[in-house]
Amino acid sequence: MRKLFVIPAFLLVAMVACNSGTEQNANTDSTATTEHQMDMTAGENVAPLPAIPDGAKVYFKNVKDGQSVSSPLKLEFGVDNMTVTKKAPDGKIEEGVGHHHLLIDAGDSIPSGTIIPDDSTHIHYGGGQTEATVNLTPGKHTLTLQFGDAIHRSYGAALANTITVDVK
Ligand SMILES: [Cu+2]
């Protein structure tokens, strides 16, 4: 007698490979992680976005809004009341932790709970980096530091900070 094996639907959840670091992003003193991680994009098993601790905020430590800069530009990422970690290999989500993302000319924040895109204008620092060097074309650019959780979900505007720089 023939048996039928049914594959549970939850095993078929779409998975997205995560590229950390891009060709546009030249890291000098910290290496952008090149490992890939599968992120769940759907499913009921995903824990809710952790709460944001009181007083938590992100900011660029070494560049001010409106500043004239040169390229390549080194950026130092600051965060208060949150701990920067590597992205969780097992997707384990903890309160008060996450990693930085840099949005280049890509808006002021990513809506809370949304998976942050991974492309040349949305750079993940899933290795737990707190600084990076980026190449920018001459002219004005907006740079947004966006904090996200272990599975790259945005903490939203509350943990984002945007500056405009003028690249000479
Ligand atoms: Cu990420």
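In this chain, numbering begins with 1 at the start of the sequence shown. Ligands are counted one by one from 1 in listed order, and the atoms in each one are counted from 1 as well.
- Angle NE2 (H101) to the Cu ion (ligand 1) to NE2 (H99): 90°, rounded to 10°.
- By the 4.5 Å heavy-atom criterion applied to side chains, I110 and P117 are counted as neighbours.
- Restricting H152 to its N/O/S atoms, the shortest distance to the Cu ion (ligand 1) is reached by ND1.
- When the Cu ion (ligand 1) is compared with the N/O/S atoms of H124, atom ND1 turns out nearest.
- Considering only heavy atoms from C-beta on, L102 stays 4.5 Å or farther from T144 through its side chain.
- In this structure, F147 has its ring center at least 6.0 angstrom away from the ring center of H101.
- For the pairing with L73, the side chain to side chain contact (heavy atoms under 4.5 Å, CB included) check across T133, V63, V167 returns one residue only, V63.
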